[in-house]
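Structure record follows, encoded as structure tokens.
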Amino acid sequence: MGMTVTHAPATEDLTKVSEPRHGPVKPERPAALKRRVRRENLAGYLFMSPWIAGFLLLTAGPMIASLYFAFTDYNLFDAPRWIGLDNFSEMFGDPRWRHSVQVTLWYVVVGTPLKLLAALGVALLLAQKRRGQAFYRAAFYAPSLIGASVSVAIVWKAIFSDDAIVDRTQKIFGIDVGGWTGDPDLIIYSLVALTVWQFGAPMVIFLAGLKQVPRELYEAAEVDGAGRFRRFWNITLPMISPVLFFNVLLETIHSFQIFSSAYIVGGGAGGNACGPADGSMVYTCYLYVQGFENSRMGLASAMAWMLLVAVALVTAVLFWSQKRWVHYEEGA
């Protein structure tokens with residue numbers, strides 16, 4: 001029985017690299033490469049131009065102008081007159097300025113920790129799986145969105161005024177001190193209560209940090225017999241210390257910049273713009289009074305730069321101290 005042998009067609013050498021159809025690719029010339037890079041950079045600057053214009057006209061320009069005005073006698077109507085360091089010497093010798101510094105420091109030292117404690121406490125509760133978790137997160141976060149508005153400050157002033165909700169509630173428990181907004185010693189507490197009520201933003205950041213803590217650490221601690229406080233102190237706080245540092249830094253800077261709530265709750269324009277007997281006269285409120293009510297823009301500019309220096313120093317101290325209590329992951 002015969003066998004028919006068929007010969008397969010010869011295959012091409014697979015190892016042979018064929019050249020492009022139109023020949024080898026030529027490297028781009030340096031002049032053409034420079035032109036292409038220049039066009040790309042031009043397009044990038046074109047898209048950035050609105051931000052650059054806004055930064056120069058609305059941020060950098062006013063900052064440079066205020067630095068010049070800080071050494072002048074300027075009232076918004078006459079040409080500025082150079083007076084050197086007179087604004088700073090007058091500022092340091094002004095008892096109302098020193099009082100505004102004290103009120104602001106008290107507000108920062110008391111209000112910021114209370115706000116962060118409330119944010120961390122609610123975040124620990126919301127980190128546990130429970131029904132309606134999304135609703136509670138939105139409800140607790142909502143005050144941070146509307147808390148800085150003028151309308152909320154007006155409502156807050158009405159709540160803490162004489163014969164209002166807070167005053168009537170106090171009388172039920174036998175406390176008859178009147179409204180907080182009319183008392184020079186109590187009005188600052190209403191501002192602290194307002195800032196604590198706005199704990200939603202740091203709460204969300206704490207919640208994100210708590211989600212990153214490995215559950216295995218808690219399980220191992222439970223096996224070793226560690227209680228809730230021990231687990232919180234030795235596991236939770238060290239693991240979320242970078243998030244805690246971020247919140248402390250951000251909320252401290254925000255506390256130094258408080259203005260609208262203090263101005264509205266304090267009474268607004270007029271002789272008691274910063275509260276009765278200057279009870280709510282935070283630094284920015286006194287700056288506004290000097291600049292826009294007394295038309296002393298040179299002195300207000302000096303106060304603004306002094307605030308910038310103070311915030312920069314506090315920020316530097318916080319960054320210096322983080323190496324003692326902030327724990328980053330290895331290699332971060």
Side-chain angles (χ1 to χ4, degrees), residues 101 104-145 147-148 191-258 283 307-332:
V101 173
T104 304
L105 290 178
W106 191 94
Y107 176 82
V108 172
V109 171
V110 175
T112 301
L114 289 178
K115 183 177 183 178
L116 293 178
L117 285 175
L120 180 57
V122 176
L124 289 172
L125 293 176
L126 294 180
Q128 304 174 9
K129 293 183 179 180
R130 62 183 68 239
R131 209 180 247 185
Q133 203 171 38
F135 169 77
Y136 289 118
R137 291 178 183 175
F140 285 121
Y141 181 71
S144 295
L145 299 177
L191 298 179
V192 171
L194 178 57
T195 191
V196 173
W197 180 64
Q198 304 169 22
F199 64 83
M203 178 206 69
V204 172
I205 299 175
F206 277 134
L207 193 58
L210 291 172
K211 293 294 184 181
Q212 302 302 318
V213 180
R215 309 309 303 175
E216 295 81 5
L217 298 178
Y218 293 114
E219 295 173 358
E222 289 181 11
V223 172
D224 292 340
R228 289 187 176 181
F229 179 79
R230 191 76 178 272
R231 294 198 300 268
F232 171 78
W233 187 261
N234 292 334
I235 298 177
T236 304
L237 277 184
M239 293 299 295
I240 68 169
S241 57
V243 175
L244 178 61
F245 171 74
F246 176 79
N247 275 334
V248 169
L249 180 64
L250 204 63
E251 295 302 326
T252 302
I253 295 175
H254 287 171
S255 296
F256 274 106
Q257 297 174 339
I258 175 180
Y283 193 93
L307 177 62
L308 176 64
V309 172
V311 172
L313 290 176
V314 172
T315 303
V317 171
L318 288 175
F319 271 100
W320 171 81
S321 66
Q322 70 167 334
K323 60 184 178 182
R324 300 176 180 272
W325 58 279
V326 179
H327 306 279
Y328 293 100
E329 294 183 6
E330 186 177 354

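If you read the sequence from its start, that first residue is 1, and numbering goes on from there. These numbers come from the heavy atoms of this one structure, side chains and all, not from hydrogens, waters or symmetry mates. Quantities reported herein were computed from a predicted structural model and do not represent experimental measurements.
Put simply, the side chain of Tyr107 reaches to within 4.5 Å of the side chain of Thr195, judged on heavy atoms. Side-chain contact between Leu244 and Phe206 is present, with at least one heavy-atom pair separated by less than 4.5 Å. When side chains are defined from C-beta on, Leu116 does not count as touching Leu120, because their heavy atoms never get closer than 4.5 Å. The closest side-chain heavy-atom distance from Ile258 to Val108 is not below 4.5 Å. Side-chain contact check for Val192 versus Val196: some heavy-atom pair is nearer than 4.5 Å. Counting heavy atoms from C-beta outward, Glu251 and His254 have side chains that approach closer than 4.5 Å.
Separation of atoms CZ (Phe140) and CG (Leu125) is listed at 8.0 Å; rounding is to 0.5 Å. To the nearest 0.5 Å, atom CG of residue Leu194 and atom NZ of residue Lys115 are 9.0 Å apart. For the atom pair Phe199 CZ and Asn247 CG, the distance stands at 13.0 Å (nearest 0.5 Å). For the atom pair Leu124 CG and Arg228 CZ, the distance stands at 11.0 Å (nearest 0.5 Å).
Scanning both residues, Ala226 and Arg231, for their nearest heavy atoms gives O-NH1, 2.9 Å. Considering every non-hydrogen atom in both Leu210 and Ala127, the closest pair reads CD1-CB, 4.1 Å. Smallest separation of non-hydrogen atoms from Trp233 and Pro238: O-CD, 3.4 Å. Contact between Leu126 and Leu207 at its shortest, heavy atoms only, is C-CD1, 3.9 Å.
Between Thr112 and Ser255, the side chains place a donor N or O and an acceptor N or O closer than 3.5 Å (distance only, hydrogens not considered). A donor and an acceptor atom, one from each side chain of Tyr218 and Thr236, are located under 3.5 Å apart. Donor-acceptor pairing under 3.5 Å is lacking for the side chains of Gln198 and Tyr141.
In this pair, Phe319 and Phe245 present their aromatic rings perpendicular. The plane angle is above 60°, beyond the 30 to 60° band. Ring-plane geometry between Phe232 and Phe229 is classed as tilted, the angle between the planes lying from 30 to 60 degrees on a 0 to 90 degree scale.
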task = Could you walk me through whether Gln212 and Met239 pass the side-chain contact (heavy atoms from CB on, under 4.5 Å) test, one step at a time?
result = CA-CA 8 Å; Gln212 302 302 318; Met239 293 299 295; over 6 Å; no
task = Kindly indicate, with the supporting measurements, whether the criterion side-chain contact (heavy atoms from CB on, under 4.5 Å) is fulfilled by Leu249 and Ile253.
result = CA-CA 6 Å; Leu249 180 64; Ile253 295 175; 4.2 Å; yes
inquiry  = Run the side-chain contact (heavy atoms from CB on, under 4.5 Å) test on Arg137 and Val204 for me, step by step, so that the C-alpha distance in whole Å, both residues' side-chain angles and the decisive distance to 0.1 Å come before the verdict.
reply    = CA-CA 8 Å; Arg137 291 178 183 175; Val204 172; over 6 Å; no
inquiry  = Test side-chain contact (heavy atoms from CB on, under 4.5 Å) on Leu318 and Gln322; report intermediate values, then the result.
reply    = CA-CA 6 Å; Leu318 288 175; Gln322 70 167 334; over 6 Å; no
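Formation of a donor-acceptor pair under 3.5 Å by the Thr104 side chain with backbone atoms of Tyr283 is found in this model. Ser144 places a side-chain N or O within 3.5 Å of a backbone atom of Ala201 that can act as its donor or acceptor partner.
More than 12 heavy atoms of other residues, nucleotides or ligands sit less than 6.0 Å from atom CH2 of Trp325.
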